[in-house]
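Order of appearance sets the numbers: ligands from 1, and atoms from 1 within every ligand. The shown structure was predicted, so the numbers you read here are calculated from the model rather than taken from an experiment.
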Amino acid sequence: MAQQPSILILNGPNLNMLGTREPHIYGAETLADVEALCRAEGARLGLEIDFRQSNHEGELVTWIQQARGNRSAILLNAGAYTHTSVAILDALTAVDLPVIEVHLSNIFRREPFRHHSYVSMAARGVICGLGSQGYVLALQAADRLVRAKAQS
Ligand code: CA2
């Protein structure tokens, strides 16, 4: 059987704190709960899941670089780096993989500084405001993109 498509799911700074504070914004689930949801959906779709979190911009950049040739797509919740990081944008642009941007909260209902995303310039699609379900929807979108590319 052909190898399963492999999806890199990256989570940026402070997302390791999920479930401990601000449940009205980010929900009550922990990052481990989100990972379990992604693994269940990945198993259903036949996708390998590599789920990671880092508080360090450079580590996220390195992981994005390493995905080139090794992963089929990237799901990225870059946390606050979404709104600041040209380095992450450059890495995403260079990696030449489909990128789907995810946010738990609806960044457009929040402070103006969250309305701009550098990540969006490299993303095939953006899902925000749907909590952890956004990760599941993003995996479904990645699955379609990856399988469509495999057939072309
Ligand atoms: O809505 C999202 O997913 C965000 O990417 C989350 C980031 C925020 O800076 C973005 O604007 C939108 C922040 C993640 C911090 O998460 C925490 C959760 C609980 C307690 C503390 C932080």
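The closest side-chain donor-acceptor pair between Asn11 and Tyr135 falls under 3.5 angstrom. A donor-acceptor contact closer than 3.5 angstrom links the side chains of Asn55 and Gln53. Of the N and O atoms on the side chains of Glu101 and Thr82, not one donor lies less than 3.5 Å from an acceptor on the other residue. The closest side-chain donor-acceptor pair between Asp90 and Thr93, if any, does not fall under 3.5 angstrom.
Nearest protein neighbour of atom 18 (C) of ligand 1, counting heavy atoms only, is Tyr26 CD1, 3.5 Å. In terms of protein heavy-atom proximity, atom 14 (C) of ligand 1 is closest to Leu15 CD2, 3.8 Å. Looking at atom 2 (C) of ligand 1, its nearest protein heavy atom turns out to be Leu104 N, 3.4 Å. From the protein, the heavy atom lying nearest to atom 11 (O) of ligand 1 is His83 NE2, 2.7 Å. Remark: minimum distance from atom 4 (C) of ligand 1 to any protein heavy atom is reached at His103 ND1, 3.7 Å. From the protein, the heavy atom lying nearest to atom 1 (O) of ligand 1 is Ser105 OG, 2.5 Å. Protein heavy atom at the shortest distance from atom 22 (C) of ligand 1 is Asn14 O, 3.8 Å.
With Glu48 as reference, Arg71 is the one residue of Gln3, Arg39, Arg71 to meet the side chain to side chain donor-acceptor pair (under 3.5 Å) rule.
The shortest N or O to N or O distance between Glu22 and ligand 1 is not under 3.5 Å. Considering both main-chain and side-chain atoms, Asn77 comes within under 3.5 Å of ligand 1 through a nitrogen or oxygen pair. Residue contacts with ligand 1: Arg21 is placed with no nitrogen or oxygen under 3.5 Å of a nitrogen or oxygen of the ligand (distance criterion only). Considering backbone and side-chain atoms together, Arg114 places an N or O closer than 3.5 Å to an N or O of ligand 1.
Summarising the local packing, CZ of Arg52 is surrounded by more than 12 heavy atoms from other residues, nucleotides or ligands at distances under 6.0 Å.
Close approach of ligand 1 to Ala80 (heavy-atom distance below 4.0 Å) involves ligand atoms 9 (O).
Taking the six-membered ring where the residue is Trp, His83 and Phe113 present perpendicular rings, their angle passing 60° and hence far from 30°.
Of the inter-residue distances, the one linking Ile100 atom CD1 with Arg124 atom CZ reads 8.0 Å to the nearest 0.5 angstrom.
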